[in-house]
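Below is one structure, written out as structure tokens, with a few remarks after it.
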Amino acid sequence: MSDNQTDLERMRHSTAHVMAAAVCRLYDDVQLDIGPATENGFYYDFDLPHRLTPEDFPRIEEEMNRIISEKIPFERLEFTRAEAEAKLREMGQTFKLERLAEIPEGETITFYRCGEFMDLCRGPHLEHTGQIKSFTLLSVAGSYFHGLETNPMLQRLYATGFLHPKELRQYLAQLEEAKKRDHRKLGRELDLFSMHEEVGAGLIHWHPRGARVRSIIEDFWRQEHYRAGYELLYTPHIGQANLWETSGHLGFYNESMYAPMDIDGKEYYLKPMNCPFHIQIYKTHKRSYRELPIKWAELGTVYRYEKAGVLHGLLRVRGFTQDDAHIYCTPEQMEAEFKKIMKFAITIWKAFGFSNITAYLATRPEKAVGEVERWEQATNALRDALESEGVPYEVDPGGGAFYGPKIDLKVKDAIGREWQVSTFQFDFNLPDRFDMTYIGEDGQAHRPYMIHRALLGSIERFFGILVEHYAGAFPLWLAPEQARVLPLTEKQMAYAETVAEALRAAGFRVTVDQRQEKVGAKIRQAQLDKIPYMLVLGPREEEQGQAALRSRTAGDLGAFGLPDIIERLSREVDSKGLDAENN
RNA sequence: GCCAGCUUAGCUCAAUUGGCAGAGCAGCUGAUUUGUAAUCAGCAGGUUCAGGGUUCGAGUCCCUGAGCUGGCUCCA
């Protein structure tokens, strides 16, 4: 497995060299940067006067195939630093000279030669180009040298390759599948949400069907929070400048905040976060250790400035609703509270059909506030919670915020893609800044621990992920329209209304297809609308007081009496579709 | 924000080298009364993203801007 992994990486990295070699053969004045293998393929960064477009891909691929058919050996060459520098100067490779300067003293400096193409490179490589079995160019994009905005922008060619052509076909099929599930496409097709140039980029409009799903998600979320001992809050959308000065946001978060508005001569800011408001509520009276832990949650809508180029459907927006919570507790309670958060998170994610969860534990960065012991204590609490819940995790050393360590959760969707969703974060900063206290057993004031917790992340983003996970075919409990009644002809219209009413009375979301269409057309429409159940009503059903039940996934199930149908659907709603087949 | 590409009817897409803006689906009207993924016919639908320019003539060429797409950076 790991051998295969290195083989694959080596092959991809070598293919990246072949791609760069092909580009050098085809175009003049190519400045090379780097061409690493990535999780799903590889890329090569270079700068050249010619602007690459997808129209150039066939030519480049053709040249690459020529290089592959030539079976050119990859030759490893060792150089001293001085030789390497001279060589790169001679080649006029300025980015490579910078890369060379970054190689630590004492490390062996190697070049790889492949025919006339030579590149400063750690390797390893294949023996010769003939060993490359499959590849395809995917896209071209800009990318800053070293990923730094202030650096020149290079052209990046994305491509992928696999050890076997069959795997490449599978990967391309998966890309196709992902395209079909794209929440932006499904959002339009299923009439869930939209965005409008007239309103502004990154601002979401929820249509009735999308809003219906959202309200089901939120109702479930509220119910589970009350059950888990949280109280819910509502707080304002704007707050005065001095609040954000105290919180520190105007200092370290300013770039993500919108310009202030003037109200009665005072500056007010749209909130990018909910925490300062929750803290205000905390501070409305003296808190006793007996009250702790305090667990407050809010579906809080925040606005953050995001650069125009990063906006992406529901996944990256400028106004969104966080499912935010703050937990204030004593040092002794911290660990137990954290375990509860983990357990709670897993329960909620499972309810939405995500059971494959992994975690990233981010520890203390160089620049940090709070004593080291508190960091250690908190980090251990995070680690213990992960271990006691058996959540697989990786450590991201130094990856925490300056104000506390954190855990990020990732979930895997139905087609194996990972999404960063939940985040649980200690905060050693805000309790200090707002001088939060509680009175301990000893009668003295103490600083509470504060934990930020977003479970679904943002409702918009979560909804986008959910749409892609289910490919728009929501399980019964979430479906905006759970059943559609399809009268065979106009003659069954009255009966259809009766059936729909009965189901509505039992709490289901039901419509009647009143169009004068053949039943085949009505079924087709319901299938395209991804309605979980269809109730076909002809003279037979009307006479028997029944309905022919059709499932979106299983097809015709036969005729049943209404009580049976209600019973069946109710059970499926209660189980959230988790013990049924996976849609 | 930066690099590249895209933007034509509600949606998906056509429109020779610059020469009369079109189709399917959806919508509306009518006919049809239908049994498990599309009944037929007719009608209507456009500032070709916005603004400017070149030209006898611009959907098509040039400039500016917006939005979107793929990335970089960032992150819920």
Side-chain angles (χ1 to χ4, degrees), chain A residues 43 45 47 50-56 138-158 179 182 184-185 188-189 191 194-202 255-256 272-273 300-302 304-324 401 408-409 419-423 425 452-465 486-493 515-529 534-541 548-552 554-559:
Chain A
Y43 62 82
D45 283 348
D47 193 21
H50 175 76
R51 300 283 98 181
L52 294 166
T53 73
E55 283 165 32
D56 299 319
L138 294 173
S139 60
V140 57
S143 85
Y144 298 108
F145 180 58
H146 268 238
L148 261 180
E149 266 182 297
T150 46
N151 278 343
M153 182 155 275
L154 310 175
Q155 301 191 65
R156 173 173 295 180
L157 272 182
Y158 278 96
K179 222 177 192 175
D182 192 314
R184 294 166 299 187
K185 178 172 175 280
R188 188 175 49 242
E189 287 173 1
D191 201 9
S194 60
M195 275 118 101
H196 303 274
E197 211 173 314
E198 294 84 343
V199 177
E255 283 133 52
S256 298
M273 292 189 189
T301 303
V302 297
R304 298 182 184 173
Y305 172 71
E306 297 286 354
K307 290 175 180 174
V310 309
L311 299 173
H312 182 93
L314 294 176
L315 303 182
R316 195 80 168 140
V317 296
R318 283 181 172 161
F320 59 98
T321 301
Q322 282 187 305
D323 71 318
D324 209 357
D408 287 330
L409 293 190
W419 303 90
Q420 209 273 102
V421 281
S422 314
T423 172
Q425 176 135 198
H452 303 264
R453 188 237 61 178
L455 205 51
L456 306 177
S458 93
I459 301 294
E460 285 76 6
R461 182 177 151 84
F462 172 67
F463 184 63
I465 293 169
L486 313 180
L488 193 64
T489 73
E490 241 166 34
K491 298 191 184 88
Q492 288 79 38
M493 204 59 84
R515 296 174 306 156
Q516 292 182 34
E517 288 285 355
K518 288 163 69 164
V519 73
K522 293 181 182 178
I523 285 169
R524 179 182 144 82
Q525 193 55 53
Q527 289 285 150
L528 292 175
D529 292 343
M534 286 148 262
L535 283 75
V536 180
L537 307 179
R540 287 201 300 272
E541 285 76 19
L549 192 61
R550 181 189 160 96
S551 137
R552 171 181 67 200
D556 191 0
L557 301 172

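All values derive from a computational prediction rather than experimental measurement.
Using a 4.0 Å heavy-atom criterion, one finds that V536(A) contacts the bases of the nucleic acid, with or without backbone contacts as well. In this structure, E517(A) reaches the bases: a heavy-atom distance under 4.0 Å links it to at least one base atom across the strands shown. Here Q492(A) lies out of heavy-atom contact (under 4.0 Å) with every strand. Residue-level contact check: A548(A) touches the bases, meaning some heavy atom is under 4.0 Å from a base atom. If you check every strand for non-hydrogen atoms under 4.0 Å, G520(A) touches sugar and phosphate atoms only. Nucleic acid contact for K491(A): sugar-phosphate only, since backbone atoms but no base atoms lie under 4.0 Å from a heavy atom of the residue. At the heavy-atom level, Y305(A) lies under 4.0 Å from the strands shown only through sugar-phosphate atoms.
U69(B) and G53(B) have their C1' atoms separated by 28 Å, given to the nearest Å. C72(B) and C13(B) have their P atoms separated by 25 Å, with the value rounded to a whole Å. Here the separation of C40(B) from U34(B), taken at their C1' atoms, is 13 Å to the nearest Å. A distance of about 9 Å separates the C1' atoms of U55(B) and G18(B), rounded to the whole Å. Nucleotides U48(B) and U7(B) place their C1' atoms 10 Å apart, quoted to the nearest Å. The same atom, P, is picked in U16(B) and in G59(B); the two are 13 Å apart, to the nearest Å. The separation of G70(B) from A9(B), taken at their C1' atoms, amounts to 27 Å, rounded to a whole angstrom. Distance check on atom C1': A15(B) versus U73(B) gives 40 Å, rounded to whole Å.
Between R550(A) and Q527(A) the shortest side-chain heavy-atom distance falls below 4.5 Å. Using a 4.5 Å heavy-atom threshold, the side chains of E306(A) and R316(A) count as touching. In this structure, the side chains of F145(A) and D47(A) stay at 4.5 Å or more apart for every pair of heavy atoms. Side-chain atoms of D56(A) and H50(A), non-hydrogen and from C-beta on, do get closer than 4.5 Å to each other.
When all heavy atoms of R515(A) and Q525(A) are compared, the pair lying nearest together is NH2-CB, 3.6 Å. The two residues V140(A) and L52(A) come nearest to each other via the heavy atoms CG1-O, 3.8 Å. When every heavy atom of H146(A) is checked against every heavy atom of N151(A), the shortest pair comes out as CB-ND2, 3.7 Å. Nearest heavy atom pair, residue T321(A) against residue E460(A), reads N-OE1, 2.9 Å.
Taking only distance into account, the side chain of E255(A) never meets the base of G1(B) through a donor-acceptor pair shorter than 3.5 Å.
Atoms CD (Q525(A)) and C1' (C25(B)) sit 11 Å apart, rounded to a whole Å. Atom pair D529(A):CG and A26(B):P shows a separation of 12 Å (rounding to whole Å applied). When rounded to the nearest whole Å, the span between CZ of R515(A) and P of U29(B) equals 14 Å. For the pair R524(A) CZ and A26(B) C1', the interatomic distance rounds to 12 Å; values are reported in whole Å.
For the residue pair Q322(A) and R461(A), no side-chain donor N or O sits within less than 3.5 Å of a side-chain acceptor on the partner.
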Item checked: Protein-to-nucleotide contact annotation, 5' to 3' order, nucleotides 65-76 of chain B [B base; S sugar-phosphate only; - none; under 4.0 Å, heavy atom] -> -BSSSBBBBBBB
Margin query: How would you summarise protein contacts on nucleotides 5-16 of chain B per nucleotide, using B for base, S for sugar-phosphate only and - for none, with heavy-atom distances below 4.0 Å?
Written below: ------SS----
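With respect to the salt-bridge test (charged N to carboxylate O, under 4.0 angstrom), the residues R524(A) and E517(A) do not qualify. R156(A) has a carboxylate O that lies under 4.0 Å from a charged side-chain N of D45(A), or vice versa, which qualifies the two as a salt bridge.
In this structure, D323(A) contributes its side chain and L455(A) its backbone to a donor-acceptor pair below 3.5 Å.
Rounded to the nearest 0.5 Å, atoms CG (L148(A)) and OG (S143(A)) are 11.5 Å apart.
Base-pairing analysis of RNA chain B finds the following stems of at least three consecutive Watson-Crick or G-U pairs, with both pairing distances under 3.5 Å: B:1-7 with B:66-72, B:10-13 with B:22-25, B:27-31 with B:39-43, B:49-53 with B:61-65.
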